[in-house]
Visitor: 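For reference, the structure I am asking about is given below.
Every chain is numbered from 1 and lettered A, B, ... according to where its sequence line falls, protein lines coming before strand lines. Since this is a predicted model, take the numbers as computed values, not measurements.
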2 protein chains.
Amino acid sequence: MRLSSLADYAVVMLSAAARHPRDARLSATLLADETGVPLPTAQKLMGRLAGAGLLESARGTGGGFRLSREPCSISLADIVEAVEGPIAMTACVEQGKHDCGLETACKVRPHWSVVNGAVKGALAGVSLASLAGAEL
Amino acid sequence: MRLSSLADYAVVMLSAAARHPRDARLSATLLADETGVPLPTAQKLMGRLAGAGLLESARGTGGGFRLSREPCSISLADIVEAVEGPIAMTACVEQGKHDCGLETACKVRPHWSVVNGAVKGALAGVSLASLAGAEL
DNA sequence: CCCAAATCGGACTGATTCGTTCCGATTGCC
DNA sequence: GGCAATCGGAACGAATCAGTCCGATTTGGG
C-alpha cells in the first residue's frame, strides 16, 4: 500500500517542470538540480515518462523534454500509471487474470473493484496544475 | 500502487473466518483448505494477524484462532495495516520522516496528505462483515 | 503423572522487483 | 567534419517479498 519512490520522484519532477514556461526545453540535468533527485535516476524517469506519452523528448545539444499536454489535464493517476503500470490493487482486478486459484466463486472480488475505483478516483482528482501552482 | 499478495490472502482468509460461528476455534489448516491458500503461507499470515491484535490465538491440541473483534468493526484498512504496516503512500506522510532531502519547501507534500487520506478512507469504508456476508 | 498429538511461533532460503549506475546512440552547434 | 551535449537502453547491486521448514508450547488421553 505504498507508492514506489520512483513514482514519488516523478511527481516532484513533473510538478517542477510545470512551473517552467510551457514551451521551454527542460533537460534532465536541470530538473535533477531543481528537485534534488539524483541525476541518473532522473534520466531514467524522464525516459519512462516520455515513453508513456506524458513528455515529448528531443535529442542532441539544446534538446530536452517538454510536457506533451497541459498541466491541468495531467493527473496523479496518469503519472503513477506511467511509472508503475496500471493501477490494480489486486491481481484479480487486472484484466485477463481471473485464475487466482482460490475460491471459485470469490465473494471478495467485487468489493476490490469498488475499492480500486475509489483509489484511482482519488489519484485522478489531483491535477498537475494544482500541484505546481499553489499552496494548499 | 499494488497490494502485496500477502495482504490479498489475508483478506480472503479473514472473510472466510468471518463466515464461521463467532466463538469457533479455526486452525490455520482449516482456513487454508477453505480458501486455497498454501498452508505454510497461511500459518505465517495468521501469526502476523494475531500479532497485530486482529486474531486471538490459542496453542496446543484443539487450539486455533478466533476473531478478536466483531466483523463489522474490522475494516480493510485494519487488515492491510496489520500485514503491510502503516498506510503511507509516500515517505513524507509517515511521521518522523520529514527529511526527504528534496525541496526544502515541498509544494507537493500537502497534497499527498489529502490523497493518502482518501485512499485510507476508501479502505476503511469496507468492513469484514460486508465482505463475508453478501453479494455486492 | 507421563506421553503423544496437534498447533502456534519464529528462523531460514530462494526469487522477484526496485533502485541505482553506467555506457552507447543520436542530434545540434561550431 | 569534429565536438559537445543530451537522450536511450542495458547491466549491476540491494532490498523486500513470497514461500518453506523446524522448534516451542499446550492440551488431551493413557
Visitor: Taking the side chain of A:Ser4 as its heavy atoms from C-beta onward, which of C:dG19, C:dC8, D:dC7 lies nearest to it?
Guide: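 So the nucleotide nearest the side chain must be C:dG19.
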Visitor: Look at all strands and tell whether B:Ser57 reaches a base, only sugar-phosphate, or nothing, counting heavy atoms closer than 4.0 Å.
Guide: sugar-phosphate
Visitor: Between A:Phe65 (CZ) and C:dT27 (P), how many Å, whole number?
Guide: 14 Å
Visitor: Expressed as a whole number of angstroms, how long is the span from A:Arg25:CZ to C:dT27:P?
Guide: 13 Å
Visitor: Would you classify B:Ser27 as touching base, sugar-phosphate or nothing, given that sugar-phosphate means primed atoms plus P, OP1 and OP2, and contacts are heavy atoms under 4.0 Å?
Guide: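 Sugar-phosphate contact only.
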Visitor: On DNA chain C, check which nucleotide each of A:Gly60 and B:Gly60 is closest to and give me the residue with the more 5' one.
Guide: B:Gly60
Visitor: Whole angstrom is fine here: how far is it from CG in B:Leu31 over to C1' in C:dC8?
Guide: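 My rounded result for the distance is 14 Å.
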Visitor: Using only heavy-atom distances, determine whether the side chains of A:Ser75 and A:Asp78 contain a donor-acceptor pair under 3.5 Å.
Guide: yes
Visitor: Starting at CG of A:Leu30 and ending at C1' of D:dA5, how long is that distance when rounded to a whole Å?
Guide: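 Going from A:Leu30 (CG) to D:dA5 (C1'), I get 14 Å.
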Visitor: Can you tell which of C:dT20, D:dC7, C:dA11 lies closest to the side chain of A:Gln43?
Guide: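 The nucleotide sitting nearest to the side chain is D:dC7.
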Visitor: Figure out the CE/C1' separation between B:Met13 and C:dC8, and round it to whole Å.
Guide: 13 Å
Visitor: Please pick, from C:dC8, C:dG19, D:dG8, the nucleotide with the shortest atom-to-atom distance to any side-chain atom of A:Ser5.
Guide: C:dG19
Visitor: Rounded to whole Å, please give me the gap between CG in A:Leu3 and P in C:dC18.
Guide: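 One finds 12 Å between P of C:dC18 and CG of A:Leu3, rounded.
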Visitor: Taking the side chain of B:Ala50 as heavy atoms from C-beta outward, which of D:dC7, C:dG9, C:dG28 is closest to it?
Guide: C:dG9
Visitor: Is the backbone N or O of A:Val126 less than 3.5 Å from a side-chain atom of A:Ser130, with the two atoms forming a donor-acceptor pair by type?
Guide: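 No, the answer is negative, given that no donor and acceptor are paired below the 3.5 Å cut-off.
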Visitor: Residues of residues 79-87 of chain B with any non-hydrogen atom less than 4.0 angstrom from an atom of DNA chain D: list those, numerically ordered, please.
Guide: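 Hits under 4.0 Å, by residue number: none.
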Visitor: Which of the following nucleotides, D:dT25, D:dG8, D:dT6, is nearest to the side chain of B:Arg59?
Guide: D:dT25
Visitor: I need the minimum non-hydrogen distance between A:Ala7 and A:Glu84, along with the two atoms involved.
Guide: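 Taking every non-hydrogen atom into account, CB-OE2, 3.7 Å.
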Visitor: B:Arg69 vs B:Glu56, test: salt bridge (Lys or Arg N to Asp or Glu O under 4.0 Å). Steps then yes/no.
Guide: CA-CA 9 Å; B:Arg69 277 187 272 159; B:Glu56 292 174 357; over 6 Å; no
Visitor: Using the side-chain heavy atoms of A:Leu6, tell me which of these nucleotides is nearest: C:dA11, C:dG19, D:dC7.
Guide: C:dG19
Visitor: So does A:Ala91 get a backbone contact from the side chain of B:Arg2, meaning a donor-acceptor N/O pair under 3.5 Å?
Guide: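 A pair under 3.5 Å: no.
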Visitor: Rounded to whole angstroms, how far apart are CG on B:Asp8 and P on D:dA18?
Guide: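 Taking atom P of D:dA18 as the reference, CG of B:Asp8 is at 10 Å.
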Visitor: Would you say the base of D:dA18 and the side-chain of B:Thr41 have a donor-acceptor pair closer than 3.5 Å?
Guide: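 Checked by distance alone, the answer is no.
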Visitor: For A:Gly64, is there any backbone N or O sitting under 3.5 Å from a side-chain donor or acceptor partner on A:Arg59?
Guide: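 Not confirmed, A:Arg59 side chain does not pair with A:Gly64 backbone.
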Visitor: Tell me which nucleotide among D:dT27, C:dA11, C:dC8 gets nearest to the side chain of B:Lys44.
Guide: C:dA11
Visitor: Give me the one residue out of B:Leu123, B:Asn116, B:Val83 that meets side chain to side chain contact (heavy atoms under 4.5 Å, CB included) with A:Met1.
Guide: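 Only match with A:Met1 under side chain to side chain contact (heavy atoms under 4.5 Å, CB included): B:Leu123.
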Visitor: Test your reading of the model: is there a side-chain donor-acceptor pair from B:Ser27 to the backbone of B:Leu30, 3.5 Å cut-off?
Guide: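 Yes, the answer is positive, given that a donor and an acceptor are paired below the 3.5 Å cut-off.
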Visitor: Between atom CZ in B:Arg66 and atom P in C:dT7, what is the gap in whole Å?
Guide: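 B:Arg66 atom CZ is separated from C:dT7 atom P by 16 Å.
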Visitor: From the options D:dA5, C:dC8, C:dT21, select the nucleotide whose nearest atom is closest to the side chain of A:Pro40.
Guide: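 Between D:dA5, C:dC8, C:dT21, the one nearest the side chain of A:Pro40 would be C:dT21.
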Visitor: Answer with base, sugar-phosphate or nothing: what part of the nucleic acid does A:Gly64 contact at a heavy-atom distance below 4.0 Å?
Guide: sugar-phosphate
